[in-house]
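Written out below as structure tokens is the structure these notes cover.
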Amino acid sequence: MIRFTKVTKRYPGTNDALSEVSFHMAPGEMAFLTGHSGAGKSTLLKLIALLEHATRGQVIINGQNLAKVPRRRIPYVRRDIGIIFQDHRLLYDRTVFDNVALPLIIEGFPEREIGRRVRAALDKVDLLRREKAYPVTLSGGEQQRVGIARAIVTKPPLLLADEPTGNLDPELSAEIMALFEQFNGVGVTVLVASHDLDLISRMGRRMLTLKDGRLVGDTGAGAAA
Amino acid sequence: MNQEANDRLLLRERARPADSRLATRLRTWLLRHAQVFFGSLGRLARTPVSTLMTAAVIGIALALPTGLHLLLQNLQQLSGGWEGAAQISLFLREDTSEGEAEALLAQIRKLPEVAGAEYISREAALAEFQRLSGFGEALAALDENPLPAVIVVSPGLLHASPAATEALLGRLRALPAVDLAQLDMQWIQRLYAIMAIVERTVAVLGLLLALGVILVVGNTIRLAIQNRRDEIVIIKLIGGTDAFIRRPFLYSGFWYGLLGGILGLVLVGAAVIALDGPITELAGLYQSSFSLQGPDAATVGLLLGGGILLGLAGSWLAVGRHLRAIEPR
Ligand SMILES: Nc1ncnc2c1ncn2[C@@H]1O[C@H](COP(=O)(O)OP(=O)(O)O)[C@@H](O)[C@H]1O
Ligand SMILES: [Mg+2]
């Protein structure tokens, strides 16, 4: 599902944010990406979502070499990836419902199907009561859950999350992780960047560790405790 | 909500809209377009002052060439009371009888190119000459009236292009009873030169103002794109195509163009109403029943359609230039 081969990413005027990173994640796998702040976790996720391009090396997602995806095909690649952002990235002039419905509208789902799916996704993150609310009236944790509902509403085959529990209390964090595991349980590949080592180690999943842009640790596939 | 039903819905194989029936997909597509179409109007309505200002700029820019075009149309249709200014004088042979002259007059009046014709008998000509020239005494001394009878022909302005008038002159000159045919072309030529200049001016002005409209709409849409930068980024992040992102801005351009066209029409209409009174009065002084014609259906269509096209062009330009620059990070 995800294959990195000697991937280096250099932002203009800086040292390499990632250097010579190679790893492979099989479809249906779940892994955590960890490392200190500035280690390159977000950069790695951005390469997968085509938000950045590798300076060198090859990124293959779902059998597609991302370097060969033409500009106009990028939206279709992104539709197969549910992304949960650290800063939520919600539309603040639209209701919770409309935010979660957006990926479905973009893909052209019929109206009735949209209502059912959005409510199911909101129910999953326990926000069904707030569907008419605007994001500003929600707490940081609630906004994060809206972002999660938006990422899962189309059930994409790949789910990426960048520090999804950064704003959540331990109890909620555990719930969100359980949610990811549930999706992983039905075949969704899940990659979660987090520096919350406590939480990650409790999950007992594969762990990729970055340090200054280098992959310094990989507990390997099937490392579940 | 039923937990299990939810899970089944969310966790089963990924559903794609392509799986639904064609009719459903078509209905969804139409619904989305209608939503964005009226949504972009609603967005404009939420900032009525700035929307109206933009529409007013477009309206004024469209009203100017339209108004001038209308003026030209009116000028060209003007034939009721001014044709006396361009006249062909037919001096008849001396041996033409009154009866023949009357018959000729009737024949000339029937010509489609002719707006009117007047017969001046030899006696009438003499009387007028005596009155105007002050040679009354000298003429009275002659035993015979030296003046020929004259038919004064006024070409209709619709057929009054210099070439058409020249042709008319040739036909009249060929009439057997006509000794000499004389045309005062200067007035017509001047009028036509002026109309050609005005026409050219309208075209150039129209072109410049059309460019202005495109730039105004383009700039307005550019600002709208900048204001909605975050939204564009997010939509790109979750897989929105360029076409999807473009759509609301193109529809905004459509609305700006249409609103501008309507305002332009109102301005032209107001100008016609304001000018109609004085012009009717002026025409009355010339014994003409001329009254100002408002814009016809073709002009209205051109104004509204042109406004819409220019609005679309402006937004297309802005969207093409600025959407690409906004990429998520
Ligand atoms: N857009 C950017 N331009 C320049 N440098 C960047 C950019 N994004 C990240 N970096 C740098 O790349 C390195 C890795 O950053 P990041 O991937 O955000 O790390 P992490 O998510 O692990 O905290 C950091 O040194 C950061 O300063
Ligand atoms: Mg980060």
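Chain letters run A, B, ... following the sequence lines, proteins first, then strands; residues in each count from 1. We use all heavy atoms of the structure for the numbers below, so side chains are in, but hydrogens, waters and symmetry mates are not.
For A:Arg112, no part lies near chain B; criterion is any non-hydrogen pair under 4.5 Å. Of the two parts of A:Ile114, only the side chain, counted from C-beta on, holds a non-hydrogen atom closer than 4.5 Å to a non-hydrogen atom of chain B. Heavy atoms closer than 4.5 Å to chain B are found nowhere in A:Arg72, neither backbone nor side chain. If you measure heavy-atom distances from A:Ala49 to chain B, you find no contacts under 4.5 Å at all. Contact of A:Leu91 with chain B is made through backbone and side chain together, with heavy-atom distances under 4.5 Å. For A:Phe85, the part sitting under 4.5 Å from any heavy atom of chain B is the side chain, from C-beta outward, and nothing else.
Between B:Val233 and A:Arg89, the closest side-chain pair of non-hydrogen atoms falls below 4.5 Å. Side-chain contact between B:Ile234 and A:Arg150 is present, with heavy atoms from C-beta onward closer than 4.5 Å.
Minimum interatomic distance between A:Pro110 and B:Thr28 (heavy atoms only, all atoms of both residues): CA-OG1, 3.5 Å.
The pair B:Arg32-A:Glu111 counts as a salt bridge, with a side-chain nitrogen and a carboxylate oxygen less than 4.0 angstrom apart.
For B:Asn227, the CG atom counts as densely surrounded, since its 6.0 Å shell holds more than 12 non-hydrogen atoms of other residues, nucleotides or ligands. A:Arg3 CZ: 12 or fewer foreign heavy atoms inside a 6.0 Å radius. Environment of CE in B:Met53: sparse, with no more than 12 heavy atoms of neighbouring residues, nucleotides or ligands closer than 6.0 Å.
Atoms CG and CD, from A:Asp93 and B:Glu231 in turn, are 5.5 Å apart once rounded to the nearest 0.5 Å. Note: B:Ile235 CD1 to A:Arg78 CZ = 12.5 Å, rounded to the nearest 0.5 Å.
With chain A as partner, the option from B:Glu327, B:Arg324, B:Arg27 having the largest number of non-hydrogen pairs under 4.5 angstrom is B:Arg324.
For residues 236-259 of chain B, the interface with chain A (any heavy-atom pair closer than 4.5 Å) comprises B:Lys236, B:Leu237, B:Ile238, B:Gly239, B:Gly240, B:Thr241, B:Asp242, B:Phe244, sorted by residue number.
Residue pairs meeting the side chain to side chain donor-acceptor pair (under 3.5 Å) criterion with at least one partner in residues 196-210 of chain B, sequence neighbours excluded, are absent.
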